[in-house]
Amino acid sequence: MAVDPSEYDKAMPIVAAHLAKIERAVVRTRASYAGQPFAAIHQALAEALQDEGAHRVVPQVVEELARQISDAATEPRGAAG
């Protein structure tokens, strides 16, 4: 099944805008909550995503991001995960 390239061109700005919202929420949450307990980070990240208007994020992605933010204080800088 071929996809019309113009559909890609139309969709990419929407996808990029959504990813930018997610990134802002993650950066904001990381800055305030890095190293704190998972539950607190998960809640804060969910609220930040909601504030950014990025509420359509797969729950498993939110959980993984929250886990990474929680683990950030225990990992050395520049550690590959």
Side-chain angles (χ1 to χ4, degrees):
M1 177 169 139
V3 176
D4 181 357
S6 69
E7 293 300 315
Y8 177 86
D9 291 339
K10 287 184 224 174
M12 281 317 296
I14 297 165
V15 171
H18 185 68
L19 291 174
K21 291 176 184 180
I22 295 170
E23 182 177 16
R24 284 191 301 268
V26 170
V27 167
R28 195 168 85 207
T29 304
R30 182 177 286 127
S32 298
Y33 292 89
Q36 292 191 20
F38 171 84
I41 294 170
H42 189 273
Q43 179 65 33
L45 181 57
E47 290 173 8
L49 289 166
Q50 188 76 22
D51 291 348
E52 288 290 342
H55 22 72
R56 288 185 171 180
V57 178
V58 177
Q60 292 87 346
V61 171
V62 177
E63 289 175 13
E64 177 60 16
L65 289 167
R67 184 195 63 75
Q68 289 179 17
I69 294 168
S70 179
D71 291 347
T74 61
E75 295 177 2
R77 283 275 190 217

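Sequential numbering from 1 along the given sequence is applied to the chain's residues.
- With rounding to the nearest 0.5 angstrom, the CD atom of Gln36 is 10.5 Å from the CD1 atom of Ile69.
- Phe38 and Ser70 make their closest contact through N-OG, 3.6 Å (heavy atoms, listed as atom of the first residue, atom of the second, distance).
- The hydrophobic cluster containing Val15 also contains Ile22, counting ILVMFWY residues as joined when their side-chain heavy atoms lie under 4.5 angstrom apart, directly or transitively.
- A 4.5 Å side-chain heavy-atom check between Asp51 and Arg28 finds at least one atom pair inside the cut-off.
- When hydrophobic clusters are built by joining Ile, Leu, Val, Met, Phe, Trp and Tyr residues whose side-chain heavy atoms come closer than 4.5 Å, directly or via intermediates, Val62 is not grouped with Val27.
- Looking at Thr29, Leu45, Leu49 one by one, the single match for side chain to side chain contact (heavy atoms under 4.5 Å, CB included) with Leu65 turns out to be Leu45.
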Practice prompt. Begin from the C-alpha positions of Glu47 and Gln43 and carry the test side chain to side chain donor-acceptor pair (under 3.5 Å) through to its verdict.
Written response: CA-CA 6 Å; Glu47 290 173 8; Gln43 179 65 33; 2.7 Å; yes

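- Pairs of residues two or more places apart, or lying in two chains, that qualify as salt bridge (Lys or Arg N to Asp or Glu O under 4.0 Å) and include a residue from residues 16-27 are Arg24-Glu52.
- Under the 4.5 Å side-chain heavy-atom criterion for Ile, Leu, Val, Met, Phe, Trp and Tyr, Val26 and Val58 are members of the same hydrophobic cluster.
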